[in-house]
Each structure stands twice: as C-alpha cells, then as structure tokens.
S.K.: 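The structure's right below; bear with me while I get my questions together.
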2 protein chains.
Amino acid sequence: MRISEASLKSGLSADTIRYYEKSGLMPAIDRGADGLRRFSPENVEWLTLLYWLRKTGMPMKEMCHFAELYQQGERTIRERKAVLIRHSERLKTRRQELEKCAEILDYKLSAYKVIEGKNT
Amino acid sequence: MRISEASLKSGLSADTIRYYEKSGLMPAIDRGADGLRRFSPENVEWLTLLYWLRKTGMPMKEMCHFAELYQQGERTIRERKAVLIRHSERLKTRRQELEKCAEILDYKLSAYKVIEGKNT
DNA sequence: GCTTGACTTGGAGTTGCTCCAGAAGAGTAG
DNA sequence: CTACTCTTCTGGAGCAACTCCAAGTCAAGC
C-alpha cells in the first residue's frame with residue numbers, strides 16, 4: 001500500500017512517516033517502479049506501534065534504539081522486552097500524574113463553586 | 001520569595017517561569033529594590049496550577065487564555081470553570097490512550113514470550 | 001577588597017513535528 | 001492530444017515549548 005493508506009492505518013501523518021524513515025525509525029521502506037514508497041502490513045504494524053509509543057511519551061532517541069534492536073532480529077528480543085517494560089512503567093507514572101491533576105482540577109472547581117455561591 | 005524557591009515549590013524550572021512571564025501566563029511578578037523577582041504565595045499557587053495543566057497536555061495558547069481570564073478577576077469564573085472542565089475531559093481521553101497503549105505493550109510482551117519459548 | 005553565588009537579559013539550540021513550494025507521474029474529461 | 005486533478009516526492013522553512021549559555025549586576029561573607 002502507499003503512504004496515505006499507511007498513514008490512515010497507523011495514525012501517523014504522511015509527513016511524520018517520512019520524517020521517521022529519515023530519522024532511522026524504520027527498516028528502509030521498499031519503493032515501487034514509480035519510486036513511491038510501498039508499505040507492507042508489517043511496516044504498518046511497526047508504524048502503529050511507534051504511534052502509540054510516541055503518543056504516550058517515549059522519546060525519539062529511545063524509539064531509535066528500539067528500532068535498531070528490531071532491525072537486528074530475534075536475538076535482541078530480551079533487550080526489546082526491557083525497553084517495553086520500562087515504557088509501561090512510564091505509563092504508570094503518567095497515569096498517576098493525570099490522577100493528581102484531576103484531583104487539583106476537582107479542588108479548583110469546587111473552590112469556584114464556593115465563590116459563585118457567595119456572589120448569588 | 002525569589003525565583004529559585006518559586007521554582008522548587010511550583011515544579012517549574014526558573015527558565016520556564018521567566019519564559020511563562022514573558023509569554024503572558026503570569027500577572028506581572030513584583031520586583032524587589034534589587035530588581036529581582038519576588039513571588040507571592042498566590043504567584044506560586046498559580047505557577048503550580050500551570051505546571052500541572054502543562055504537564056498533562058494543555059497547550060500554551062489555552063493557558064494564555066486562561067491567564068487572561070484569571071487577570072480579569074472573579075467575573076470570569078464561569079468561563080474559567082469551562083476551561084478546566086474541558087481539560088478534565090482531555091485527561092479522560094489521555095487516560096484511555098495510556099490504557100490502550102498498556103494493552104498493546106502487554107500483547108507485544110506476551111508475543112515475545114512465545115518467541116522466546118520457541119527458541120529455548 | 002575580592003570572591004562566591006544567585007539573579008538578570010537576550011539569544012542560540014533542541015525536539016518532534018508540520019507545512020509548503022515545486023516537480024513528476026498516473027488517471028480522467030473533453 | 002491536451003488539460004486538469006490527485007498523489008506522491010524532496011528539501012527546507014516554520015513552530016511549540018522549552019533549555020542552555022554568555023556576559024553582566026549585585027549583595028554577602030571571609
């Protein structure tokens with residue numbers, strides 16, 4: 001499939017996909033006779049994973065490292081596992097931050113209610 | 001208090017605080033006779049709120065708008081409430097994204113386990 | 001009186017995109 | 001065949017939100 005379809009399926013914009021390729025986050029995408037990129041389903045699965053990792057705060061540097069491991073095949077599975085486990089810990093931290101912020105918002109909103117009560 | 005203490009208490013770096021002031025996210029901070037910024041506890045509370053809003057993904061533009069409302073006093077409470085409610089909806093969305101990503105990671109990790117099982 | 005340390009400003013650098021101009025190729029309409 | 005539209009390509013500029021740095025000021029301590 002071509003880039004627009006890959007974009008639609010992965011969630012990444014075409015620009016971002018090209019940018020990721022340039023940055024070494026992809027195992028060089030095949031080109032058709034016309035010179036346009038052709039994405040395999042495996043390519044798209046990879047892009048989708050990148051989409052989620054990035055969206056939840058993994059820095060590009062770490063994704064680059066992860067991409068290198070991926071390119072080196074199955075013998076790097078152990079290390080890749082470690083990267084993902086570290087990331088899922090990051091998710092836990094993020095969730096706690098959201099929780100904390102939600103608390104603060106609730107507090108602020110209730111304080112507003114008190115002020116409004118005074119003024120009416 | 002001075003900027004280093006305000007930084008410590010709010011969670012924002014001194015650089016970021018100065019940047020926020022320049023960007024209009026703060027009601028102009030007082031200066032002492034020495035020309036250095038002096039932060040009131042109210043200033044710090046405001047910075048702390050900004051810290052959490054930013055950390056959980058509110059764009060600067062929206063924070064600027066919120067800051068303007070704040071500067072206009074109590075008559076903007078209703079609108080400020082709306083901003084915070086919108087943000088708490090954003091938090092909900094973010095939480096779902098984290099959840100979704102956690103699922104993907106679990107799936108990937110279990111897939112790795114299968115591969116490792118085959119190789120040993 | 002001299003050094004140390006926190007602070008000041010303005011500006012350059014960084015990350016991770018996002019948008020744009022200009023060109024090339026395929027497909028459709030007249 | 002010509003004209004037009006669509007998608008894609010590349011290289012490069014622009015942007016958000018910091019982050020870091022150089023050069024200078026000023027008060028406090030030895």
Side-chain angles (χ1 to χ4, degrees), chain A residues 1-26 28-40 43-44 46-68 83 87 90 94 97 101, chain B residues 1-26 28-40 43-44 46-68 83 87 90 94 97 101:
Chain A
M1 79 197 72
R2 300 198 309 199
I3 202 165
S4 58
E5 201 182 335
S7 161
L8 224 85
K9 287 193 177 161
S10 67
L12 296 165
S13 76
D15 272 318
T16 302
I17 292 172
R18 282 189 283 256
Y19 171 66
Y20 280 5
E21 191 194 13
K22 245 191 290 181
S23 312
L25 269 75
M26 288 289 303
I29 303 150
D30 291 346
R31 303 285 181 132
D34 50 9
L36 305 186
R37 291 174 184 81
R38 291 304 144 102
F39 295 79
S40 69
N43 285 156
V44 172
W46 177 249
L47 284 172
T48 307
L49 180 56
L50 292 186
Y51 169 80
W52 285 105
L53 293 178
R54 193 64 207 86
K55 184 160 202 160
T56 53
M58 183 181 285
M60 290 261 300
K61 253 190 200 167
E62 206 170 320
M63 297 200 330
C64 279
H65 175 59
F66 187 57
E68 273 166 36
V83 173
H87 189 63
R90 185 149 34 200
R94 279 250 196 281
E97 286 167 8
C101 186
Chain B
M1 79 197 72
R2 300 197 310 197
I3 202 165
S4 59
E5 201 182 334
S7 161
L8 224 84
K9 287 192 178 162
S10 67
L12 296 165
S13 76
D15 270 319
T16 302
I17 292 173
R18 282 188 284 256
Y19 172 65
Y20 280 5
E21 191 194 13
K22 246 190 289 181
S23 312
L25 270 74
M26 287 290 303
I29 303 149
D30 292 347
R31 301 286 181 134
D34 49 9
L36 305 187
R37 292 174 183 81
R38 290 304 143 101
F39 295 79
S40 69
N43 284 157
V44 172
W46 176 248
L47 284 172
T48 307
L49 180 56
L50 293 187
Y51 169 79
W52 284 105
L53 292 179
R54 192 66 205 85
K55 184 158 203 162
T56 53
M58 184 181 285
M60 290 262 299
K61 254 192 198 167
E62 206 170 320
M63 298 200 331
C64 279
H65 175 60
F66 187 58
E68 272 165 36
V83 173
H87 189 62
R90 184 150 35 201
R94 280 250 197 282
E97 286 167 7
C101 185

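Convention: sequence-line order gives letters A, B, ...; per-chain numbering from 1.
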S.K.: Considering only heavy atoms from C-beta outward, does the side chain of B/Leu53 approach that of B/His87 to under 4.5 Å?
M.R.: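 B/Leu53 reaches B/His87 side chain to side chain.
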
S.K.: Please give, in whole Å, the distance from C/dT9 P to B/Lys22 NZ?
M.R.: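 Interatomic distance, NZ of B/Lys22 to P of C/dT9: 8 Å.
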
S.K.: Does D/dT8 have its OP1 or OP2 closer than 4.0 Å to a side-chain nitrogen or oxygen of A/Arg37?
M.R.: no

S.K.: A/Cys101 versus B/Arg90: any side-chain heavy-atom pair under 4.5 Å?
M.R.: no

S.K.: Is a side-chain donor or acceptor of A/Ser7 paired with a backbone partner of A/Ile3 at a separation under 3.5 angstrom?
M.R.: no

S.K.: Rounding to an integer number of Å, can you tell me how far B/Tyr19 OH sits from C/dT14 P?
M.R.: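 Atom-to-atom, B/Tyr19 to C/dT14, this comes out as 17 Å.
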
S.K.: Phosphate oxygens OP1/OP2 of D/dC26: is one of them under 4.0 Å from a side-chain N or O of B/Arg31?
M.R.: no

S.K.: Please report, rounded to the nearest Å, how far the P atom of D/dA17 is from the CZ atom of B/Arg54.
M.R.: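 Rounded to the whole Å, the gap is 5 Å.
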
S.K.: Counting heavy atoms from C-beta on, name the nucleotide in D/dT8, C/dC7, D/dC18 closest to the side chain of B/Arg2.
M.R.: C/dC7

S.K.: If each of A/Ala14 and B/Met60 is mapped to the nucleotide of DNA chain D with the nearest heavy atom, which maps nearer the 5' terminus, i.e. the 5' end?
M.R.: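 Residue closer to the 5' terminus by nearest nucleotide: A/Ala14.
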
S.K.: Specify the separation, in whole Å, of atom CE of B/Met58 and atom C1' of D/dC18.
M.R.: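 Those two atoms, CE and C1', are 18 Å apart.
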
S.K.: Do A/Arg94 and B/Arg94 come close enough that some side-chain heavy atom pair is under 4.5 Å?
M.R.: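 Counting from C-beta outward, A/Arg94 and B/Arg94 never come under 4.5 Å.
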
S.K.: Has A/Thr16 got a side-chain N or O lying under 4.0 Å from the OP1 or OP2 atom of C/dG16?
M.R.: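 For A/Thr16, the contact criterion (side-chain N or O under 4.0 Å from OP1 or OP2 of C/dG16) is not met.
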
S.K.: Compare all side-chain heavy atoms of B/Val83 with those of B/Met58 and state whether any distance is below 4.5 angstrom.
M.R.: yes

S.K.: Tell me what A/Arg38 touches on the nucleic acid: a base, only sugar-phosphate, or nothing, going by heavy atoms under 4.0 Å.
M.R.: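 Here A/Arg38 touches no strand at all.
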
S.K.: From the options C/dA6, D/dA17, C/dC17, select the nucleotide whose nearest atom is closest to the side chain of B/Ser4.
M.R.: C/dA6

S.K.: Out of C/dC17, C/dC7, D/dC9, which nucleotide sits closest to the side chain of A/Ile3?
M.R.: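 Among C/dC17, C/dC7, D/dC9, the one nearest the side chain of A/Ile3 is D/dC9.
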
S.K.: Take atom NZ of A/Lys61 and atom C1' of C/dT15, then tell me their distance rounded to the nearest Å.
M.R.: 10 Å

S.K.: Describe the nucleic acid contact of A/Asp15 in one word from base, sugar-phosphate, nothing, applying a heavy-atom distance below 4.0 Å.
M.R.: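 Counting heavy atoms under 4.0 Å across all strands, the contact made by A/Asp15 includes a base.
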
S.K.: Report the distance from atom CZ of B/Arg18 to atom P of C/dT9, rounded to the nearest whole Å.
M.R.: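 These atoms are roughly 7 Å apart.
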
S.K.: To the nearest angstrom, how far is A/Phe39 atom CZ from D/dT7 atom P?
M.R.: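 Distance, rounded to whole Å: 16 Å.
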
S.K.: When the distance from CD1 of A/Ile17 to C1' of D/dT7 is rounded to whole Å, what number comes out?
M.R.: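 It works out to 14 Å between those atoms.
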
